[in-house]
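Starting from 1, each residue takes its place in the sequence as its number.
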Amino acid sequence: MSRDHVQSAERTAAEAAAAALTGAEAPFLELLARGASADAYEQPVLLARAEGRPAEAITALEQAKLLALRVRAELEGRRRREAELSALFETAHDLAGLRDLDAVLQAIVQRARSLLGTDVAYLSLNDPERGDTYMRVTEGSVAARFQQLRLGMGEGLGGLVAQTARPYVTDDYFNDDRFQHTHAIDSGVRDEGLVAILGVPLMLGHHVIGVLFAADRRARVFEREQIALLGSFAALAAAAIDTANLLTETRSALAGLERANEIIRDRSAVIERASDVHDRLAELVLRGGGVHDVAAAVSQVLDGTVEFTEAGDASATPLEASRAEGHAVRHEDDWIAAVAAGGELLGALVLRGHPGLDPVDQLTLERAAMVTSLLLLARRSAAEAEQRVRGELLDDLLDARDRDPRLLRERASRLHADLDATHVVLAARLDGTAPDVDQEAAARRRLWSAASHLAATRHGLAAARDGGTVLLLPLVPGDTATDMARRTARQLGTAVHEAVTVGASAPVRDLAAHPDTAAAAYAEGRRCLDALRLLGRSGEGAAAEDFGFLGLLLAGDRDIAGFVDRTIGQVVAYDERRGTDLVHTLDAYFTCGTSPARTKDELHVHVNTVAQRLERVARLLGDDWQEPDRALEIQLALRLHRLSSGAQQ
C-alpha cells in the first residue's frame, strides 16, 4: 500500500471518530486527520483558556494533547519506516537488475541523502594496493578537492571507520579529537563546509571494502534509527559491489571460455588441415607421385606457392640452418625446409611470399620436406641400378676402346644419353682427410651418389674411379668447360657438405665413334685436378684453358694453335687483314728487352713508328699486355707462332 493510501485511510478514520466524539479528544483527532504540525496541537488548549473554560476541561485537553502528540509521533515513525523500507526495496530492486555499478552506487547515495535529510552523502572504497580509501561516489558535494580525497587507514572519521569496521558519528568534526586530523583531509572537509558526519562501514563478510557517509554543513545529532538506516544502505552498497565483482569475474570467465572455444575451433581446423595433408601425401606416395606433386599438394593446403629446389639453387645460410635444426626457417618473406637424408642435403621445399606462418603450418611444411626426402630416397634406391649401369657404360668408354659404336649408342640411349653430342669429362675428388678408412669410404660413396644424381638429371654418366668420381656431362650451348667445372664443384660440394675439386677436359665429340677420346679427356681432367690441388685451389673447378701456357702441359691434345689464337690471335688477324707487321714488331720489341729505341734499330724504322705499332697492339690485346704473366704468355705464343709458320714454309 502506498503512502497516500495510508494517509487517506488514517484521515478518514480520524474524521469519523471526531464526528462521534464531543469530548476533549475531538479537536486533536481532527488535527491528526489533517496531518497538522506539532505546533497546531497547542491551539485547542489556548482557545479553551481564552474562553475561560473550567480547569477540569483544560486538564482534559492537556492530557488529550499529549496523547494525540504521541499518536502523531507514532504515525510519523511508521511513515518514516515505510519510506525507508520503500527506499531499501527500490535499491534492492535496482541491485537485482544491476547493469552499471556506478549507477547503482549513485542511487544508494542519493536515497541515503534524501531519507536522512543531509546536505551531502558520499561513498569511499578501499584500495588494497595503496593501503588507503578513496572517494568513489558523491551526492551534494561542490568542492573538487573533497571529491578527490584519499584517506589513509586510521586518518579522519572515514579512515577510522575503514580501519576498525565500526560506525562513527560526530556532530562537530573539527572539534572532535577522537579522529586523526590531517591537513589534506581537513582542507577537503573545510572546502565542502561539513560539520556533522556519520560514517558506516561497507562489509563483505568480515572485510571492510569501503565507507558510506552522510554529512551536514551544520551541527546535528544523528539518531540511532538514522545510523541503522545508513548501515542498511551500506549493506546494499556492499552487495552491489560484490555482485558487480562477480559479474565482472563471470564476464571474464565467459570471455576466457569464448577465447578457449575459438582456440579449440582453430585447433580443430588445424587438425582437419593436418589430416587433409596426411591423406594427400599418403595418396601421393602410394600412387608414385614425385617431389613436385608434393609441393603442389602442400601449396593448396598452405594457400601459398611451395617449390622444390635443388640444394645449389637455394639460399645457403638458411638452408644449412634448416638442415642443422631439423625445422623450417624463415628467410626474408620465404620459409625454407631442408630436404635431407642422413648427412646428405637433397634439396629444399620453399614456401614463397608467406612471412607469417602458423606453427602447425610450419610443421606441415617440415613433414612435406620429410616425405619429399623419402620419395627422393625411394627414387634413388630405384635409380641406383640405373646409376650402376651408367657407371658401367662410362667405364667401358674409358677402358674398352674396341667397343662397337652401335652398341654403345644403344646402351646410352636407354639411359637418355647421347654420345654423339659434345661432352666434357670431369674428374672430381674430395679434399678433406677422413679420420679412418671407413669414414673415407663413406665420404667417397656420398660423392659418387651425388655425382650419379647430378649425371642422371643432366643426361650424363658418372662412375667411381681412382679414389674419386668421373663424370661425362653434355656441354650446354653457351657454356664453357670452365663454367661446367666450377658449377659441378659447387653443386657436389653443397650436396656432400665438403670441398670438392673438379678438373675438366676440353670439349670432346663423337665418343661412340672414337671411344679412346674419353680416356684421353679423362687424363686431361685428372691433370687439371692435380694442378688445382698443387696450386692450393682445392674446392674449385677449372679446365686447361684457365692455366694459360701451363694449359699446354695439362691438355691432352697439346692444342698449340688454340693457345696461340687465345693469346695473340687478334694481332695475327689484324696483320692478315691490313697487311701490317705488328707480330714482327712485337717479337722484335721483346727480343730487344722491351726497348723502343733498340727496336727501331732492329726494324730500321723511326721510333715513332715503333710507338704507334705498340699502341695498336695495346688496343688489340688490352692495357695489361706488358704485365709479367701476360708478357710471358705472349712471348711463348710468338715463338710457337714463329715455329708453326716456319714448319708450314
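Side chains of Arg53 and Leu47 form no contact here, defined as non-hydrogen atoms less than 4.5 Å apart. At a threshold of 4.5 Å between non-hydrogen side-chain atoms, the residues Leu123 and Leu202 count as touching. Between Val169 and Gln226, every side-chain heavy-atom pair lies at or beyond the 4.5 Å cut-off.
Counting only residues at least two apart or in different chains, ring-ring contact (aromatic ring centres under 6.0 Å, His included) contacts with residues 109-128 comprise Tyr122-Phe146, Tyr122-Phe213.
Smallest separation of non-hydrogen atoms from Arg217 and Gly140: NH2-O, 3.2 Å. Shown here for Val496 and Ala450, the closest heavy-atom pair between the two residues is CG1-CB, 4.0 Å. Taking all atoms of both residues into account, the shortest heavy-atom contact from His181 to Phe174 is CE1-CA, 4.1 Å. The minimum heavy-atom distance between Ile197 and Val189, with the atom names listed, is CD1-CG1, 4.4 Å. Residues Pro201 and Val161 come closest through the heavy atom pair N-CG1, 3.6 Å. Between Leu61 and Pro44, the closest heavy-atom pair is CD1-O, 3.8 Å.
The aromatic rings of Phe179 and Tyr168 lie perpendicular to each other, with more than 60° between the two planes, well past the 30° mark.
Here the straight-line distance linking atom OG1 of Thr164 with atom CE of Met153 works out to 10.5 Å at 0.5 Å rounding. Rounded to the nearest 0.5 angstrom, Phe233 CZ and Leu212 CG are separated by 8.5 Å. Here CG of Leu157 is found 9.0 Å from CG of Leu151. Values are rounded to the nearest 0.5 Å. Note: Glu155 CD to Asp186 CG = 10.5 Å, rounded to the nearest 0.5 Å. Interatomic distance, CZ of Arg145 versus CG of Asp191, reported as 4.5 Å (0.5 Å rounding). Taken to the nearest 0.5 Å, the OG atom of Ser124 stands 6.5 Å off from the CE atom of Met135.
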Next on the checklist: Set out, in order, the CA-CA distance, both residues' side-chain angles and the distance that settles side chain to side chain contact (heavy atoms under 4.5 Å, CB included) for Leu116 and Leu198, then state yes or no.
Outcome noted: CA-CA 10 Å; Leu116 270 67; Leu198 167 62; 4.2 Å; yes
Checklist entry - Can you list the steps and then say if Met203 with Ile209 is a side chain to side chain contact (heavy atoms under 4.5 Å, CB included)? => result CA-CA 6 Å; Met203 304 289 295; Ile209 62 171; over 6 Å; no
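The backbone N or O of Leu125 sits less than 3.5 Å from a side-chain atom of Thr133, completing a donor-acceptor pair. For Glu51 (side chain) and Leu46 (main-chain N/O), no donor-acceptor pair under 3.5 Å exists by modelled atom type. With Arg113 contributing its side chain and Asp119 its backbone, the two residues share a donor-acceptor pair below 3.5 Å. Looking at Glu192, its side chain does come within 3.5 Å of a backbone N or O of Val142 through a donor-acceptor pair. Panel note: side chain Asp216, backbone Arg218; no donor-acceptor pair is recorded below 3.5 Å. Remark: the backbone N or O of Pro128 is not paired with any side-chain donor or acceptor of Asn126 at under 3.5 angstrom. Of the possible polar contacts, one joining the Ser187 side chain to the His183 backbone as a donor-acceptor pair under 3.5 Å is found.
Counted within 6.0 Å of CZ on Arg224, heavy atoms from surrounding residues, nucleotides or ligands total 12 or fewer; the atom is thus considered open.
Listed by chain and number, the residues in a side-chain contact (heavy atoms from CB on, under 4.5 Å) with Pro54 are Glu56, Ala57 (sequence neighbours excluded).
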